Each structure stands twice: as structure tokens, then as C-alpha cells.
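Scroll down for the structure; my scribbles are underneath it.
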Amino acid sequence: RYDAVPTYLLSAEVLRDTASLDALSQLEPALELGVHLHGEFCSRLEDGSCVPASTSAYMQDETPSVQREQLGVITDLFHKAFARAPRSFRAGRFGADARTLAVLEEFGYPVDSSVLPGLVEATVNGSIDCSVAPAFPYRPDPTNLSVRGSARIVEVPVSVWRHPWKGALCPRVTEHNVVGFGARLC
């Protein structure tokens with residue numbers, strides 16, 4: 001009805017799983033594939049592995065050089081799996097900032113989906129404030145991912161609504177965004 005093409009954002013653990021890659025390869029070109037970065041899965045741990053027991057970090061709390069390293073790891077994993085560069089990106093826990101935007105542009109990503117309009121959340125070294133973020137796609141300001149500006153990358157914010165009695169941010173499905181994703185389960 002809407003001729004919408006779904007976008008699946010793949011994390012590092014999916015990009016390392018052969019069965020998942022085989023299944024996803026058979027679905028292309030009916031969908032778009034991109035990357036979803038939880039930095040803990042793209043950094044070496046003390047024991048040499050890349051799989052932590054849990055994920056709780058925010059990309060924006062990392063230095064630009066660590067962000068660059070982690071984005072390099074997941075971009076390489078995607079390229080090895082699909083023989084092309086990913087076009088879409090989302091930071092785990094919606095934890096991107098202007099420095100992340102600059103790193104994404106260095107890597108040539110045309111689309112980011114790390115903004116969750118209405119989200120205000122404390123992080124280890126600061127906070128995420130998307131309280132004034134537009135609800136529809138826009139080019140962000142190079143110094144603030146949550147406001148309109150002149151960046152090369154296009155921000156496609158996650159479509160949400162606030163649950164009336166639980167207060168949680170929930171997926172919104174409308175004629176404008178056929179499929180939505182939520183930050184929390186409702």
C-alpha cells in the first residue's frame with residue numbers, strides 16, 4: 001500500500017553470525033540494511049573478546065577516537081558480510097552527539113537514526129537531550145544532532161509517542177512512517 005522499504009539495523013553480534021547473514025542476504029533487495037552500534041561489542045575486552053556480559057554505554061560518552069575505532073569495526077563487519085558499505089546508522093541507546101555526527105560523515109554514512117524525539121536521559125558523562133528534536137527527517141546542525149541545520153547527513157528520527165499512563169516512549173505507526181521503533185517496551 002505505501003511501497004515502504006523496511007530498514008534493519010544490524011548490531012555487531014548479528015554481523016558475526018553466519019546463519020543471520022545468510023538469511024538477511026536472501027531478503028535483499030526488498031529491504032535496506034544498516035548498522036546499530038553498541039560500542040561494547042566493537043571494542044576489545046581485557047580477555048581479547050568483543051562480547052560483554054551486558055551493554056550500558058553511550059557512544060557520546062566516548063572520545064571521537066574511540067567512536068571512530070568502534071564505527072570502523074562495525075563498518076568493516078558490514079562490508080565483509082555484504083561487500084558494500086552500510087548507508088544507515090543508529091547509536092545504541094540513542095547515545096549519539098555532534099561528535100558522532102562528524103565521525104559518521106567521515107565514514108560516508110548518509111543517514112543516521114539516533115535521535116528519539118522527546119528523550120531526555122542522563123549518561124555517564126552528560127545527558128541526551130532530544131526534547132526539541134523534529135519528528136520528521138531533517139539535516140541536523142553539525143553542533144547539535146537534535147536541531148535542524150546544514151549537516152550532510154540526514155537524521156531520520158525514531159517515531160514515538162508517550163504512553164498516557166505508563167509514561168514510556170512507545171512505537172508510533174502512522175501513515176507517515178508505516179513502521180516505527182520504540183525506545184522501551186510498552
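Since the structure is predicted, the reported quantities are computational estimates derived from the model, not experimental observations.
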Side-chain donor-acceptor distances from residues 17-26 under 3.5 Å, at least two apart:
from  : atom 1 : to    : atom 2 : distance (Å)
Asp17 : OD2    : Ser20 : N      : 2.8
Asp17 : OD2    : Ser20 : OG     : 2.7
Ser25 : OG     : Leu21 : O      : 2.8

Phe107 with Leu9, same ILVMFWY side-chain cluster at under 4.5 Å = no
Apply the test side-chain contact (heavy atoms from CB on, under 4.5 Å) to residues Val111 and Phe89: give CA-CA distance (whole Å), side-chain angles for both, the deciding distance (0.1 Å), then the verdict.
-> CA-CA 6 Å; Val111 177; Phe89 173 84; over 6 Å; no
Enumerate the residue pairs fulfilling side-chain hydrogen bond (donor to acceptor under 3.5 Å, both in side chains) with a member in residues 96-106, sequence neighbours excluded, ordered by first and then second residue.
-> Gln67-Thr100, Arg68-Glu106, Asp97-Arg99, Asp97-Thr100
Could you tell me the separation between the [atom1] atom of [X] and the [atom2] atom of [Y], rounded to the nearest 0.5 Å?
X	Y	atom1	atom2	result
Ile153	Leu104	CD1	CG	4.5 Å
His36	Ser114	NE2	OG	8.5 Å
Asp112	Arg139	CG	CZ	12.5 Å

Locate the shortest heavy-atom distance separating [X] from [Y]; write the atom from each residue and the value.
X	Y	value
Pro86	Gly34	CB-CA, 4.3 Å
Ser113	Val156	OG-O, 2.9 Å
Ala133	Pro117	O-CB, 3.9 Å
Ala30	Pro6	O-CD, 3.6 Å

Does [X] have any side-chain contact (heavy atoms from CB on, under 4.5 Å) partners at least two apart in sequence or in another chain, and if so, which?
X	value
Val132	Val147
Arg148	Pro134, Tyr138
Ser150	Pro142

Donor-acceptor pairs are to be reported for all side-chain atoms of residues 71-85 against protein atoms at under 3.5 Å, with residues two or more places apart or in another chain.
from  : atom 1 : to     : atom 2 : distance (Å)
Thr75 : OG1    : Leu71  : O      : 2.7
Thr75 : OG1    : Tyr109 : OH     : 2.7
Arg84 : NH2    : Glu28  : OE2    : 2.3

Verdict with supporting geometry, Leu33 and Leu10, side-chain contact (heavy atoms from CB on, under 4.5 Å) | CA-CA 7 Å; Leu33 299 174; Leu10 311 177; 4.2 Å; yes
Measure from the side-chain N and O atoms of Glu155 to the backbone N and O of Val115, and report whether any donor-acceptor pair falls under 3.5 Å.
->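 Yes.
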Should the heavy atoms of other residues, nucleotides or ligands under 6.0 Å from OH of Tyr8 be counted, would the total exceed 12?
-> no
Would you check, one step at a time, whether the test side-chain contact (heavy atoms from CB on, under 4.5 Å) holds for Leu37 with Arg90?
-> CA-CA 6 Å; Leu37 177 62; Arg90 179 176 296 153; over 6 Å; no
